[in-house]
Amino acid sequence: MEQNVITGMYETLGISQKVLDFAADIEEQLKPRFQEIDERAEYNQLKVIHAMQECRVSDVHFSATTGYGYNDLGRDTLEEVYSRVFHTESALVRPQLMSGTHALHIALSGNLRPGDELLSPAGKPYDTLEEVIGIRDSAGSLKEYGVSYRQVDLLPDGAFDYDNIAKAINDKTKLVTIQRSKGYDPRPTFSVRQIGELIAFVKRIKPEVICMVDNCYGEFVETIEPTDAGADMIVGSLIKNPGGGLAPIGGYIAGRKDCVDRASYRLSAPGLGKEVGASLGLNQPLYQGLFLSPTVVAGALKGAVFAANIYERLGYGVVPNGSESRHDIIQAITFGSPEGVISFCKGIQAAAPVDSFVTPEPWDMPGYDSPVIMAAGAFVQGSSIELSADGPIKPPYAVYFQGGLTWYHAKLGILKSLQQLVDDGVVSL
Ligand SMILES: *Cc1c(COP(=O)(O)O)cnc(C)c1O
């Protein structure tokens with residue numbers, strides 16, 4: 001196909017020649033990076049297919065159960081597929097795990113008992129966990145159940161503070177929680193290898209400690225997962241990476257059988273565990289989403305790398321930077337002004353297949369100390385494996401951008417964001 005046919009389509013979608021030329025140059029230079037991303041996706045695709053073949057996945061697994069959901073073959077086999085992909089003894093993969101926060105809450109509260117201590121050796125965990133743990137007082141928190149919490153902050157350069165981690169581990173330390181992704185913090189995301197080193201260090205001091213990794217946004221970014229590097233349990237959301245954009249709800253906990261079993265007794269009831277929980281016809285999109293996940297993650301990663309390079313070239317601060325290796329799908333861009341954040345989010349919204357006609361505005365979201373603007377035109381509410389961006393309207397005026405079910409959509413979103421910044425007079429090319 002002639003190049004100008006595609007160019008014409010971009011023009012139809014409101015992208016100027018100037019923006020296209022600027023981006024084309026950058027895309028050309030990213031070819032080797034994109035090839036690396038494709039190779040990892042190829043490996044991960046094969047890994048998922050192999051697991052499905054080993055489990056003899058068949059169309060009988062896609063039928064719905066209702067009520068108690070006893071003997072739900074599709075559910076049980078999906079959990080075996082997850083176990084094989086993540087190389088674990090067991091997994092809990094359920095629509096009844098309502099979000100990433102819920103899955104983390106179940107994993108923690110299922111495995112901690114009154115008098116135990118939880119340790120975060122990698123700084124403050126994700127915002128929503130503050131209330132789960134009781135860092136911010138909250139009804140039903142682990143703190144209310146007599147579980148204490150200790151945290152060791154990262155060193156100023158983002159490295160683990162091994163001396164203080166060693167000092168923080170004590171008789172009560174039962175579970176160590178490590179968040180792989182930076183989430184919405186400015187720190188770097190940890191590689192699986194770094195996480196493995198931290199786990200090995202903790203286990204040398206206290207071998208029986210349960211090491212749990214919050215794997216949100218990290219699945220299939222590398223060819224290994226934290227469970228390949230010593231983690232006893234990994235936890236994530238199905239409306240992020242492993243749901244591949246098709247899972248309409250759900251979360252997973254994969255790991256050592258005793259850890260997953262204890263989580264299952266918390267999710268359902270002591271004595272019931274994994275035996276109950278009807279899949280209600282959701283098995284098929286959960287399987288198919290996992291099948292698509294490696295390529296969907298690759299598209300999102302290309303989008304993140306492309307955005308980093310575009311905005312780095314324009315002189316904005318980007319984390320990760322345009323050339324460093326990636327360990328999650330999140331890209332932070334610091335605009336330094338409210339206008340930059342707002343224009344960027346408007347552009348992302350305008351590129352969406354759903355709700356492209358609405359204009360995002362900053363609003364006072366519960367739980368945040370400044371107005372927040374969000375762009376999301378998603379098929380699944382709140383899904384952040386779909387192209388989405390959000391930014392608090394406060395210094396340093398950064399947006400966090402992630403997802404894109406296809407590279408082409410992620411690319412359009414970034415071109416639209418740049419076009420909006422140009423049209424609003426924030427950027428001149
Ligand atoms: C998204 C996320 C969570 C919470 O997941 P929700 O589905 O939004 O509840 C927890 N930890 C990290 C690192 C995340 O990115």
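We count ligands from 1, going down the list as the structure has it; atoms in each ligand are counted the same way. From a predicted model like this one, the values you see are computed outputs, not experimental measurements.
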Can you find a side-chain donor-acceptor pair between [X] and [Y] that sits under 3.5 Å?
X	Y	answer
S384	Y217	yes
S388	Q402	yes
H87	D228	yes

So, do F160 and F190 have ring centers that fall under 6.0 Å from each other? yes
Are any of the heavy atoms in H102 under 4.0 Å away from ligand 1?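 Heavy atoms of H102 never come under 4.0 Å of ligand 1.
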Does at least one non-hydrogen atom of I239 fall below 4.0 angstrom from an atom of ligand 1? no
Proximal atoms of ligand 1 relative to [X] (non-hydrogen, under 4.0 Å):
X	result
Y217	15 (O)
Q179	13 (C)
S99	7 (O), 9 (O)

Pair Q420, S343 - check side chain to side chain donor-acceptor pair (under 3.5 Å), show working. CA-CA 6 Å; Q420 191 71 42; S343 297; 5.4 Å; no
How far is atom 7 (O) of ligand 1 from its nearest protein heavy atom, and which residue and atom is that?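 Here the nearest protein heavy atom works out to G100 N, 2.7 Å.
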Under 4.0 Å, heavy-atom basis, I'd like to know which part of [X] is in contact with ligand 1: side chain, backbone, both or neither.
X	result
L104	side chain
K240	side chain
T101	both

Cationic tip of K174 within the cone over Y145's six-membered ring, i.e. under 6.0 Å and within 45° of the normal?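 Relative to the ring axis of Y145, which defines the angle, K174 lies outside at least one limit.
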Nearest-option assignment for atom 12 (C) of ligand 1, heavy atoms, candidates D214, T189, I330: D214
Could you tell me how the ring of F86 sits relative to the ring of F220: parallel (under 30°), tilted (30 to 60°) or perpendicular (over 60°)? parallel
